Amino acid sequence: MALSSLSFFRAFLLLSLATSAFSTRPYKEGLAPNFYDYVCPQALPTIKRIVEAAVQQERRMGASLLRLHFHDCFVNGCDASILLDPSPTIDSEKLAGPNNNSARGFEVIDQIKAEVDKACGFSLVSCADILAIAARDSVVALGGPSWEVQLGRRDSTTASRTTANNNIPAPNMDLPALINTFQKQGLDSRDLVALSGAHTIGFAQCRIFRDRIYNDTNIVADFARSLKSLCPRTGEDGNLAGLDPSPAQFDSLYFHNLLAQKGLLHSDQALYGGGSTDELVKTYSDDVEAFWDDFAKSMVKLGNIKPLIGNQGQIRLNCRRVN
Ligand code: HEM
Ligand SMILES: *[C@@H]1O[C@H](CO)[C@@H](O)[C@H](O)[C@H]1NC(C)=O
Ligand SMILES: *[C@@H]1O[C@H](CO)[C@@H](O)[C@H](O)[C@H]1NC(C)=O
């Protein structure tokens, strides 16, 4: 009897901690890095282990996981809305232009959720927090900076393909449109340049950079020519080119390349070539520490966009559907 009421109390305590009622920062004030420390100390190491294994198996997966968090946060906040599959009641963001046949890594997120729930003993960690932690662990796995991830986000019960189409920046945008897209999320032009540095890892498809290599004038000829063999005027839409010359290394070559008019996307080159962000691109190109510092700070800002907290939303049992 004493034992069972003790374990009842323990369970109650754990649940209270899970909703952050006893944590050092009440949930009403927002997110906190120690959100899972007392309730499930295995949560973060479990996520890191699976991200590392996935990246070891395929380096690109680190890039794909980082991008998922970005595309989640720009659509009604970081609430895992991007993970919801199409259903009669879900207007899936997976089908939005920027995501369809492009966003990837969903199976790794499923695997993390299953393992983390097993490690914690119940469904405790939100899918939105998993995306934020996986993004950080991916950057670290590819040799980039680390940062403390704010935690305590909850998961949405809705998704919006239209909002995804409207809010996620497009690769044909010029600098003013890019600045505007970020400004709508509370991010400034410094965040824009630092976060665009995410394109130091990963790949883009021919269909995405075709117009740039055939039509843009702010591209160096040799670079355009070498890409044209990979990406003809028609067909081969899915052929991949690295977003920078070292797509599995979180270095500053992305910025270095912009100085030489070798940005792969129109939106990349828009950050350098006569506009207000030139100086910052130059700084990052020869100071990887400055890039890393700002990138880490901007990732925290990105992750803090309109989280669901307290009793808003839910902790999904399966990241692909609402409970
Ligand atoms: C500034 C505006 C941005 C635009 C217009 C943009 C656009 C794109 C496009 C079109 C692709 C290639 C997709 C494909 O070919 O399937 C891509 C890839 C990628 N983006 Fe961005 N992006 C932007 C900012 C960001 C930010 C802020 C992040 C993360 C913090 C990010 C992370 C990535 C990564 C890591 C990849 C490679 C993904 C992979 O290989 O699977 N991007 N982006
Ligand atoms: C998504 O891509 C598939 C395959 O290319 C295509 O058939 C479908 O029409 C696209 N969906 C939307 C909503 O654009
Ligand atoms: C380039 O511009 C021309 C003229 O505006 C357009 O017809 C074409 O579709 C564009 N893209 C490519 C890949 O040539």
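The analysis underlying the following values was restricted to heavy atoms, covering all of them including side chains, and did not include hydrogens, waters or symmetry mates. Counting starts at 1 for both ligands and their atoms, following the listed order. Here the structure is a predicted model, which is why all the values come from computation and not from measurement.
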| request: Just let me know how Leu178 lines up against ligand 1, side chain, backbone, both or neither, with a heavy-atom cut-off below 4.0 Å. | output: side chain
| request: Quick one: look at Arg161 and ligand 2, take heavy-atom pairs under 4.0 Å, and tell me if it's side chain, backbone, both or neither. | output: side chain
| request: Name all residues meeting the side chain to side chain donor-acceptor pair (under 3.5 Å) criterion together with Thr89; count only those two or more places apart in sequence or in a different chain, and write none if there are none. | output: Ser87
| Is any NZ, NE, NH1 or NH2 atom of the basic residue among Lys113 and Asp117 found under 4.0 Å from an Asp or Glu carboxylate oxygen of the other? | yes
| said: If we only consider heavy atoms of Phe182, is any one of them less than 4.0 Å away from an atom in ligand 1? | reply: yes
| Looking at atom 41 (O) of ligand 1, what's its closest protein heavy atom, distance included? | Ser64 OG, 2.7 Å
| query | Given side chains that start at C-beta, do those of Pro245 and Asn257 come closer than 4.5 Å, heavy atoms only? | reply | yes
| message | Hydrogens and angles aside, do Asp211 and His266 bring a side-chain donor and acceptor to less than 3.5 Å of each other? | response | no
| Test salt bridge (charged side-chain N to carboxylate O under 4.0 Å, His left out) applied to Asp251 - qualifying residues, sequence neighbours left out | none
| said: Looking at Thr157 and Gly313, would you say the former's side chain and the latter's main chain have a donor-acceptor pair under 3.5 Å? | reply: no
| request: Name the closest protein heavy atom to atom 16 (O) of ligand 1, giving the residue it belongs to and the distance to 0.1 Å. | output: Ser102 OG, 2.5 Å
| Salt bridge between Lys262 and Asp222, side-chain N to carboxylate O under 4.0 Å? | no
| field | Under-4.0 Å salt bridge between Glu279 and Lys282 | value | yes
| query | Are any of the side-chain heavy atoms of Phe122 and Cys40 separated by less than 4.5 Å? | reply | no
| said: Need the ligand 1 atom indices (1-based, order shown) with element for anything under 4.0 Å from a heavy-atom of Ser267. | reply: 5 (C)
| query | Do His69 and Ile130 come within less than 4.5 Å of each other through their side chains, counting heavy atoms only? | reply | no
| Shortest protein contact, atom 10 (C) of ligand 1 (heavy atom only) | Ile208 CG2, 3.4 Å
| What is the closest protein heavy atom to atom 12 (C) of ligand 1, and at what distance does it sit? | Ala204 CB, 3.7 Å
| Least distance between heavy atoms, Cys120 atom then Ala43 atom | SG-CB, 4.1 Å
| Which heavy-atom pair separates Ser102 from Arg207 by the least distance, and what is that distance? | CB-NH2, 4.1 Å
| request: Any chance you could lay out the salt bridge (charged side-chain N to carboxylate O under 4.0 Å, His left out) test for Arg321 and Asp85, step after step, and finish with the verdict? | output: CA-CA 6 Å; Arg321 354 181 222 283; Asp85 280 342; 5.5 Å; no
| task | Looking only at distances, please establish whether an N/O atom of ligand 2 is found under 3.5 Å from an N/O atom of Asn100. | result | yes
| note | What lies under 2.8 Å from atom 21 (Fe) of ligand 1, restricted to protein N/O/S atoms, is His199 NE2
| field | Nearest neighbour of atom 40 (O) of ligand 1 from the list Arg60, Met173, His266, Arg207, on a heavy-atom basis | value | Arg60
| message | Return the closest protein heavy atom for atom 15 (O) of ligand 1 as residue, atom name and distance. | response | Gln205 N, 2.7 Å
| query | How close does the nearest protein non-hydrogen atom get to atom 35 (C) of ligand 1, and which residue and atom is it? | reply | Ala63 O, 3.1 Å
| said: Below 4.0 Å, non-hydrogen atoms only: which portion of Ala135 touches ligand 1? Side chain, backbone, both or neither. | reply: neither
| query | Counting distance only, does the side-chain N/O of Arg316 pair as donor-acceptor with the main-chain N or O of Ala80 below 3.5 Å? | reply | yes
| said: For Asp79 and Lys306: C-alpha separation, side-chain torsions, deciding distance, then whether salt bridge (charged side-chain N to carboxylate O under 4.0 Å, His left out) applies. | reply: CA-CA 8 Å; Asp79 60 359; Lys306 280 175 46 187; over 6 Å; no
| said: With a 4.0 Å cut-off on heavy atoms, is Leu192 in contact with ligand 1? | reply: yes
| Where does the angle between the aromatic ring planes of Phe295 and Trp147 fall among parallel (under 30°), tilted (30 to 60°) and perpendicular (over 60°)? | perpendicular
| request: Identify, chain by chain and in numerical order, each protein residue with a heavy atom under 4.0 Å from an atom of ligand 3. | output: Arg210, Asp211, Tyr214, Asn215, Arg233
